[in-house]
Amino acid sequence: MSVVFTILQRDLLLAWRRTAQVLQPLAFFIVVTLLFPLGYTPELAQLRQIAPGVLWVAALLASMLALESLFRDDAADGTLEQFVLSGQPLAALLFGKTVAHWLLTGLPLAVVAPLIGVALGVPSAAMPGIICALCLGTVSLSLIGAIGAGLTLGVRRGGVLASLLTLPLAVPVLVFGARATELSIAGGSPAGALYLLAALMVLGLTLAPLAAAAAVRIGVE
Amino acid sequence: MSVVFTILQRDLLLAWRRTAQVLQPLAFFIVVTLLFPLGYTPELAQLRQIAPGVLWVAALLASMLALESLFRDDAADGTLEQFVLSGQPLAALLFGKTVAHWLLTGLPLAVVAPLIGVALGVPSAAMPGIICALCLGTVSLSLIGAIGAGLTLGVRRGGVLASLLTLPLAVPVLVFGARATELSIAGGSPAGALYLLAALMVLGLTLAPLAAAAAVRIGVE
Amino acid sequence: MAEFFAMGGYAQFLWPSYALAILALVVNVIVARRHLAAARSEARRRLEVRAGDAE
Amino acid sequence: MDWTWFHKFGSPPHVYRLAGRLTPWFAWPAAITILIGLYGGLVLAPPDYQQGDGFRIIYVHAPSAWLSVMIYTTMASAAFVGLVWRMKVAHAVAASCAGIGAWFTAVSLVTGMLWGKPMWGTYWVWDPRLTAQLILLFLFFGYMALRAAIDDPSRADRASALLAVVGIVNVPIIRFSVDWWNSIHQAPSVMKLGRPTMPVDMLVPLLLMLLGFTLYFVAVLTIRLRAEVLRRERQASWLREVLD
Amino acid sequence: MYKDSNLAVSRWHVFRGERHVLRGLGFSLTAGRCLQLVGDNGSGKTTLLRSIAGLVPREEGELRWGDVPVDDFATLHAELAYLGHDPPLKADLSGRENVQFAVAVRGARSAATLTARVEAGLQRVGALGFCDRPVRTLSAGQRRRIAFAALRAFEVPLWLMDEPATHLDVVGCELLRQLIDEHLDAGGIVIAATHQDLGLAPHRLQRLALEEVRAS
Amino acid sequence: MYKDSNLAVSRWHVFRGERHVLRGLGFSLTAGRCLQLVGDNGSGKTTLLRSIAGLVPREEGELRWGDVPVDDFATLHAELAYLGHDPPLKADLSGRENVQFAVAVRGARSAATLTARVEAGLQRVGALGFCDRPVRTLSAGQRRRIAFAALRAFEVPLWLMDEPATHLDVVGCELLRQLIDEHLDAGGIVIAATHQDLGLAPHRLQRLALEEVRAS
Ligand code: HEM
Ligand SMILES: Nc1ncnc2c1ncn2[C@@H]1O[C@H](COP(=O)(O)OP(=O)(O)OP(=O)(O)O)[C@@H](O)[C@H]1O
Ligand SMILES: Nc1ncnc2c1ncn2[C@@H]1O[C@H](COP(=O)(O)OP(=O)(O)OP(=O)(O)O)[C@@H](O)[C@H]1O
Ligand SMILES: [Mg+2]
Ligand SMILES: [Mg+2]
């Protein structure tokens with residue numbers, strides 16, 4: 001367990017040393033969500049309707065964008081190889097990295113969501129549900145993304161391929177996430193969809209680190 | 001001039017070495033488009049309305065994902081340094097790289113736009129305008145992206161500024177691009193927006209290679 | 001006969017479907033056989049290299 | 001328990017020879033069944049009382065749709081065996097499946113679209129079943145793209161096998177989520193044949209086509225498998241045997 | 001310290017792509033001995049080291065560690081350290097942080113022992129003067145010293161070193177010799193691929209010459 | 001071939017970050033001479049080479065090439081080749097393609113001369129056996145040979161080499177000596193940072209020892 005924290009600490013420290021990279025997915029998320037009113041209509045009543053789709057697609061794409069860098073630096077400088085050789089369970093180490101990745105990309109999205117919600121005319125009563133859905137959903141996205149990033153280690157322009165591999169796998173998260181958001185905005189109870197999102201997350205938490213570890217082991221060779 | 005072709009040839013060869021990679025942007029756009037119906041609604045009448053946003057977000061994302069690696073590989077293996085030392089105008093070399101990048105990511109997007117359009121219920125009369133807008137706009141995105149990619153080489157020094165600089169530059173392209181697309185779909189004439197896009201492109205063509213060269217020169221140190 | 005090909009007005013949807021399906025059936029056989037032929041000649045080449053190697 | 005059969009299946013020369021011997025046993029029955037099925041479907045079966053002759057698309061659409069799902073399952077199972085028991089032959093089976101699977105997924109999509117135009121008035125709707133099928137196509141594409149991107153064959157085998165296995169876990173989840181997603185909107189209920197039960201002269205050709213396509217798949221698989229086994233093989237001795 | 005360490009490799013076959021690089025190679029090493037790999041460029045030194053570490057799969061062959069055959073490399077990994085061509089350091093962290101994390105990742109230990117070992121390692125390689133600067137700003141030789149500090153702080157019996165003398169100055173080469181010597185004194189085992197004279201006592205040194213395979 | 005090449009550096013001051021690494025250094029070299037840089041790790045060898053190439057800006061100092069002071073490095077770049085710690089090769093291209101593009105990027109020339117020079121370079125370094133494989137599959141020493149082939153094919157008078165002997169086997173080191181010798185024969189100039197004996201005739205060799213600056 002303690003190695004998970006070691007990795008977490010290391011990755012957060014590294015991110016702190018390089019703030020610019022951390023802000024990129026967030027900036028992307030904001031630009032994308034704000035672009036829609038520009039391309040669609042300035043009317044809030046109509047914007048509200050597309051808000052779930054916009055929020056979730058933007059979140060998914062921001063995740064994909066950040067995924068590129070999940071293992072890349074560590075693979076390039078040989079750190080990943082050292083992880084494989086560390087004698088510790090690789091799945092735990094990668095889990096630590098994934099948690100750090102989520103804290104740096106998924107969580108910020110959930111935090112700025114209320115702001116963007118306002119711009120898209122989402123009623124403030126819907127915010128708790130939306131934030132909750134984004135939190136749960138982005139965890140799954142990070143976990144699924146870790147598998148894709150592991151599989152494309154050492155592949156040129158791996159970023160595009162990684163997204164190509166993960167997007168189909170991420171469809172359920174998108175569907176339930178958008179559904180929870182939609183229900184929140186419509187004033188209904190998003191509980192059902194949130195449970196499903198949580199279930200996906202739990203499934204991801206148990207399986208994804210193992211799959212990612214297997215992928216990385218194949219990839220460092 | 002001939003070095004521009006040399007670089008172009010080299011980058012295209014590198015892409016061809018991995019044949020599958022050339023098809024990736026294509027697959028990628030289709031997958032991204034698939035996300036919107038899933039996140040929003042399956043109804044074509046409504047999808048048509050968000051089509052401009054979808055197309056341009058996909059363009060932006062594809063540009064950004066691929067841009068990450070525009071100079072990174074060359075910087076990592078020392079090729080970029082050799083470019084600086086080549087005795088040839090660096091702006092020309094980088095222009096060659098940018099053109100190759102556009103051919104591999106921007107152009108395919110414009111080419112598959114009709115397909116994406118059908119899935120989003122865009123009338124076929126709107127296609128010429130949309131393709132035209134995408135062609136012009138993606139050139140600008142690639143050029144702006146080259147500056148950003150150059151700046152991020154020296155990101156330790158440049159800090160937050162570098163990466164946040166490019167997105168605001170891309171916003172005008174997105175606005176005019178989405179506007180042209182919207183007008184095309186609505187049956188109006190997109191000429192005005194297209195002229196503005198073309199103007200942005202020309203501006204980019206003259207200034208961006210110089211700016212990118214300056215950024216790279218700082219970055220390789 | 002013409003009536004058969006007209007397929008009750010559905011010809012323009014039906015025949016392309018059948019054509020595509022049959023194309024898929026044929027193409028897959030051809031591709032598979034090509035792969036096999038290529039693999040055999042490559043294996044033969046490798047064997048020759050090995051043989052030269054052993055000397 | 002007797003494991004010799006397992007080892008036998010793991011042995012490339014045995015598989016190579018076995019596959020070669022099996023090919024005609026599947027190829028000819030497949031050809032005959034498909035031809036009879038086509039004749040039955042196009043000529044003998046009566047027009048549907050609602051869809052007229054348009055329903056005949058079913059004889060190519062349903063078999064290819066069935067085949068696509070079947071092939072993905074086969075591919076993922078083989079990949080799993082290859083990963084866990086490190087069986088080269090299983091990897092070869094998985095690799096052989098992908099191309100065929102992608103073809104038939106595409107055929108089911110396009111024939112479905114061509115059927116959709118006269119039935120629903122549009123080539124494409126975002127219906128759950130259609131969407132899930134489209135995602136299946138992308139799983140196949142992803143698998144092939146990953147294989148193509150890695151050039152060390154053994155690494156490509158293992159990485160793509162992992163993807164296939166993760167994908168199969170996800171296939172039921174995708175189906176489930178997509179069904180759930182669409183349930184809030186109106187469901188296109190046209191996607192049923194006019195009558196609940198099919199008359200025998202419609203049904204028999206369909207069953208024949210399903211059988212024929214399946215046999216066809218096994219036949220093509222045996223050919224591709226032989227190619228894949230050869231490409232992976234490094235032991236010179238039996239290569240010499242089978243080539244001469 | 002590592003009294004009973006002992007390594008035996010036999011019938012070792014490794015492919016890289018289609019090339020049969022290592023063909024049935026074998027050797028054995030007991031505590032306190034060093035194997036120096038020599039051979040032309042492209043003869044398979046790196047391949048051998050990486051396959052012993054389990055980073056490149058072997059086609060065939062047996063590896064015994066402490067007289068037990070190793071099938072799953074996970075157990076062996078806790079006992080070995082691999083130092084490849086480039087030192088595995090994060091450019092944005094300081095040298096000390098790099099060593100700290102590298103050691104911490106290898107298992108939970110009290111903060112005190114960790115700090116003590118890191119400190120001892122850094123001091124031994126003479127890196128105290130520059131170990132608090134970001135690795136990005138270090139010279140090539142300084143980076144290698146940081147990597148040596150980590151290697152020493154791991155405290156594992158088996159060292160696999162690929163061209164360890166790269167980038168080192170005269171003092172650095174002498175340091176390398178001493179580090180290896182001390183490790184062997186403690187009962188460790190070293191496999192090093194290098195053409196330089198390691199300057200070890202003859203009874204501690206074993207040499208293995210690899211030959212390049214000319215094919216395709 | 002490069003008869004009148006001649007390089008003079010004086011009052012050379014370079015900072016890395018806050019460190020005043022090179023303090024008022026100077027030397028001069030004429031056609032057919034080689035300068036060997038020695039000095040402890042971190043003494044500034046790499047910094048000197050990179051600042052002469054203009055990759056690191058100098059704080060102060062004068063550089064003369066052919067008796068003309070160089071202010072804008074663009075002109076000097078056409079005359080020099082810099083080979084750093086890692087060979088600048090694209091892993092997905094073959095060795096031959098790498099050399100071809102490296103030469104082509106340095107300016108428009110007829111395809112025939114280009115091919116001839118590339119071929120000659122590859123042959124000279126003994127890379128014909130492996131130059132058609134993707135660089136990704138080459139060993140460290142094989143990669144360096146490809147880089148040497150490119151260096152030779154550039155046909156420029158000034159070579160800046162940072163630890164050129166890295167990863168080379170015995171044959172490779174001898175090859176390096178010959179390459180430098182031939183380049184000097186042709187009237188070229190070489191600056192090489194290395195601790196290994198380059199084995200050049202004494203009248204061709206000049207040594208410059210750098211000292212580490214002890215300061216925070
Ligand atoms: C792009 C459009 C379509 C796609 C992707 C699609 C996909 C599928 C799939 C995945 C199956 C299941 C095969 C199996 O599990 O065995 C199937 C079967 C079938 N489809 Fe479609 N379909 C499409 C359009 C249509 C249309 C327009 C109709 C008729 C109006 C239709 C009628 C049927 C029938 C009758 C079956 C066989 C019965 C069954 O196994 O449930 N499909 N299709
Ligand atoms: N990924 C690969 N695919 C195919 N061949 C490879 C691959 N990696 C290495 N090789 C080949 O395997 C052989 C051994 O390579 P290796 O790197 O082990 O050599 P080495 O002894 O370490 O050489 P050096 O002294 O140059 O580092 C070389 O001929 C090399 O070209
Ligand atoms: N970017 C930088 N910022 C601050 N200091 C630096 C930077 N790069 C190098 N230095 C410092 O400058 C000094 C000279 O470094 P340089 O790389 O030139 O040494 P070197 O002689 O090449 O050493 P080596 O033999 O280890 O390669 C070193 O003390 C190094 O720590
Ligand atoms: Mg090596
Ligand atoms: Mg140096």
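Within every chain, numbering begins at 1; the chains are lettered A, B, ... in the order of the sequence lines, protein sequences first and strands thereafter. Quick caveat, the model's predicted, so the values are computed rather than measured.
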Q: Got a salt bridge between K90(E) and D73(A), using NZ or NE/NH1/NH2 to carboxylate O under 4.0 Å?
A: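 Salt bridge: no.
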Q: Looking at every heavy atom in both R106(E) and Q88(A), which two are closest together, and how far apart are they?
A: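 In this case the closest contact between R106(E) and Q88(A) is O-NE2, 2.7 Å.
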Q: So which of L89(E), L76(E), N98(E) has the biggest tally of heavy-atom pairs under 4.5 Å with chain A?
A: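 Heavy-atom pairs under 4.5 Å are most numerous for L89(E).
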Q: As an exercise: rank L93(A), V220(A), D74(A) by heavy-atom pairs under 4.5 Å with chain E and give me the winner.
A: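 The residue among L93(A), V220(A), D74(A) with the greatest pair count is D74(A).
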Q: Using the rule given for side-chain contact (heavy atoms from CB on, under 4.5 Å), can you reason through L80(E) versus L85(A), listing the C-alpha separation, both sets of side-chain angles and the distance that settles it, and then say yes or no?
A: CA-CA 8 Å; L80(E) 72 78; L85(A) 297 175; 4.3 Å; yes
Q: At a heavy-atom distance under 4.5 Å, which candidate from L13(A), L90(A), L80(A) has the highest pair count against chain E?
A: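 Going by pairs under 4.5 Å, I would pick L13(A).
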Q: Relative to chain A, which segment of F154(E) carries a heavy atom at a distance below 4.5 Å: side chain, backbone, both, or neither?
A: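 Only the side chain of F154(E) comes within 4.5 Å of chain A.
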Q: For each of A53(E), P57(E), G84(E), tally heavy-atom pairs with chain A at distances under 4.5 Å, and name the one with the top tally.
A: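 Between A53(E), P57(E), G84(E), the count favours P57(E).
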Q: Mark yes or no for whether R217(A), through its side chain, and L55(E), through its backbone, hold a donor-acceptor pair below 3.5 Å.
A: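 Here the side-chain-to-backbone pair does not exist.
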Q: Which atom pair, heavy atoms only, marks the closest approach of A104(E) to T6(A)?
A: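 Closest approach of A104(E) to T6(A), heavy atoms only: CB-CG2, 3.4 Å.
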Q: Closest approach of D92(E) and R17(A), non-hydrogen atoms and distance?
A: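 So the two residues come closest at O-NH1, 3.2 Å.
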Q: Can you tell me how far apart CG (L14(A)) and CG (L93(E)) are? Round to the nearest 0.5 Å.
A: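 Going from CG on L14(A) over to CG on L93(E), the span is 4.0 Å.
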Q: When rounded to the nearest 0.5 angstrom, what is the spacing between CD in Q82(A) and OH in Y82(E)?
A: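 That separation rounds to 9.0 Å.
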Q: Mind checking whether V105(E) and I7(A) have side chains closer than 4.5 Å, heavy atoms only?
A: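 When only atoms from C-beta onward are counted, I7(A) and V105(E) do touch, with a gap below 4.5 Å.
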Q: Does R10(A) offer a backbone N or O that forms a donor-acceptor pair with the side chain of E97(E) under 3.5 Å?
A: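 No: the side chain of E97(E) does not pair with the backbone of R10(A).
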Q: Where on A74(E) is there a heavy atom nearer than 4.5 Å to chain A: the side chain, the backbone, both, or neither?
A: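 Only the backbone of A74(E) comes within 4.5 Å of chain A.
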Q: Can you tell me if E62(E) has over 12 outside heavy atoms packed within less than 6.0 Å of its CD?
A: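 Yes, CD of E62(E) has more than 12 neighbouring heavy atoms, counting only those of other groups under 6.0 Å.
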Q: Is there a donor-acceptor pair under 3.5 Å between the side chain of H77(E) and the backbone N or O of V84(A)?
A: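 Yes, the answer is positive, given that a donor and an acceptor are paired below the 3.5 Å cut-off.
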Q: Is chain A contacted by the side chain of P87(E), its backbone, both, or neither, given a heavy-atom distance below 4.5 Å?
A: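 Only the backbone of P87(E) comes within 4.5 Å of chain A.
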